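Presented below is the structure to which this report refers.
Bear in mind that the values here come from a model prediction, so they are computed numbers and not experimental data. Each chain gets a letter, A, B and so on, in the order its sequence line appears, and its residues count up from 1.
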2 protein chains.
Amino acid sequence: MIILPNGNENMKRPCTTQQIGVLVRTTRKSQRMTQQDLALVSGTGIRFIVDLEKGKATCELAKVLTVLHMLAIEVQLIPPKTGDAS
Amino acid sequence: MIILPNGNENMKRPCTTQQIGVLVRTTRKSQRMTQQDLALVSGTGIRFIVDLEKGKATCELAKVLTVLHMLAIEVQLIPPKTGDAS
DNA sequence: ATAAATATTTACCGTACAGGATTATGGAGA
DNA sequence: TCTCCATAATCCTGTACGGTAAATATTTAT
């Protein structure tokens, strides 16, 4: 176990809202969907999609999950192998 | 491609806030942390942890990601293999 | 290249609710 | 009992998000 200069231990970087935003946008475009399309099938407003793709920190969790699902982006949450903590 | 009775095609189930809540709670307990501990290291209030573990739909994305990170729960977002869409 | 058609972004308003702090309640265990 | 943990209720500040319209940017056609 390595203690980094910033005080953190060597754990994987946190998933950021920025990363999610970029992923949503690139995936959406690869599906040739407009933001409006995505908003429609996700049951949200366009504003939400715009904010999400911009990496807004305060987006609502469930709506984000819905959007990811509509884009067929699989979400895997992998718990620690019983031992490592914060 | 299979059309299921509920009208959906055969895509994986969406990740739900309920699942995340359960995962957070079980992982936290396995680390022997209290909700207060988790709130403290995550920079949130206890209320947020309680709500998150209850599966509240409207939790703020970034805070959820922080909590997952503090619990060393890895988040993997896997984009579709270029083709499948909604 | 230029124009036309689309797509995206931003600003504003209004409603509704998130989440922090605090306090109270209840349950499990020493 | 006393203590720790979890939950719930209340107050309050800030803001998410939908709708809309206007301003840009990007793509497509001629």
Side-chain angles (χ1 to χ4, degrees), chain A residues 7-8 14-73 75 77 79-80 82-86, chain B residues 14-73 75 77 79-80 82-86:
Chain A
N8 291 336
C15 179
T16 68
T17 58
Q18 310 287 338
Q19 291 173 341
I20 295 177
V22 171
L23 178 62
V24 165
R25 165 170 277 241
T26 59
T27 305
R28 171 180 63 79
K29 292 204 159 183
S30 80
Q31 314 279 9
R32 297 181 198 287
M33 300 176 77
T34 70
Q35 293 177 325
Q36 185 142 52
D37 293 335
L38 184 53
L40 201 62
V41 299
S42 302
T44 75
I46 295 180
R47 269 265 317 281
F48 180 82
I49 304 297
V50 173
D51 288 340
L52 176 58
E53 291 186 356
K54 263 199 304 187
K56 186 172 168 186
T58 53
C59 289
E60 291 188 8
L61 177 60
K63 294 189 185 200
V64 176
L65 295 177
T66 300
V67 170
L68 293 178
H69 185 236
M70 289 335 240
L71 289 173
I73 295 174
V75 179
L77 298 178
T82 303
D84 189 27
S86 169
Chain B
C15 180
T16 68
T17 58
Q18 309 288 339
Q19 290 172 344
I20 294 177
V22 171
L23 178 62
V24 165
R25 166 171 277 244
T26 59
T27 305
R28 171 180 64 79
K29 291 201 162 184
S30 81
Q31 315 279 5
R32 301 185 194 288
M33 298 176 77
T34 70
Q35 293 176 326
Q36 184 141 45
D37 292 336
L38 185 53
L40 201 62
V41 299
S42 301
T44 74
I46 296 180
R47 261 271 305 278
F48 181 82
I49 304 297
V50 173
D51 287 343
L52 175 59
E53 290 187 357
K54 264 200 303 187
K56 187 172 167 184
T58 53
C59 289
E60 290 188 7
L61 177 59
K63 295 188 183 189
V64 176
L65 295 177
T66 300
V67 170
L68 293 178
H69 184 236
M70 291 331 244
L71 288 173
I73 296 174
V75 179
L77 299 178
T82 302
D84 186 28
S86 169

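Among residues at least two apart or in separate chains, salt bridge (Lys or Arg N to Asp or Glu O under 4.0 Å) pairs with a member in residues 28-39 of chain A are A:Arg28-A:Glu53.
In this structure, B:Ile46 places its CD1 atom 18 Å from P of C:dA18, rounding to the nearest Å. A straight line from NZ of A:Lys63 to P of C:dA16 spans 14 Å, rounded to a whole angstrom.
Distance CD1/B:Ile20 to CZ/B:Arg25: 15.5 Å, rounded to 0.5 Å. Atom SG of B:Cys59 sits about 6.0 Å away from atom CG of A:Leu61, to the nearest 0.5 Å.
Partners of A:Pro79 according to the side-chain contact (heavy atoms from CB on, under 4.5 Å) rule, which considers only residues two or more places apart in sequence or in another chain, are B:Leu23, B:Thr27. A:Gln19 meets the side-chain contact (heavy atoms from CB on, under 4.5 Å) test with A:Cys15, A:Thr16; sequence neighbours excluded.
In terms of heavy-atom proximity, B:Gly55 sits nearest to B:Thr17 at O-OG1, 2.8 Å.
The 5' end of DNA chain C is approached more closely, in terms of each residue's nearest nucleotide, by A:Val50 than by the other of A:Val50 and A:Arg47.
At a threshold of 4.0 angstrom between heavy atoms, the contacts of B:Arg25 are confined to the sugar-phosphate backbone, with no base atom among them. A:Arg28 comes within contact range of the sugar-phosphate backbone alone, with a heavy-atom separation under 4.0 Å but no base atom that close.
Residues from residues 51-60 of chain A that place a heavy atom under 4.0 Å from any atom of DNA chain D, listed by number: A:Lys56, A:Thr58, A:Cys59, A:Glu60.
Counting heavy atoms from C-beta outward, B:Leu77 and A:Val75 have side chains that approach closer than 4.5 Å.
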Table please: side-chain donor-acceptor pairs of residues 40-51 of chain A below 3.5 Å, with sequence neighbours left out.
from	atom 1	to	atom 2	distance (Å)
A:Ser42	OG	A:Leu38	O	2.7
A:Asp51	OD2	A:Lys56	NZ	3.2

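Close approach of DNA chain D to chain B, defined as any atom under 4.0 Å from a non-hydrogen atom of the protein, starts and stops at D:dC5 to D:dT10.
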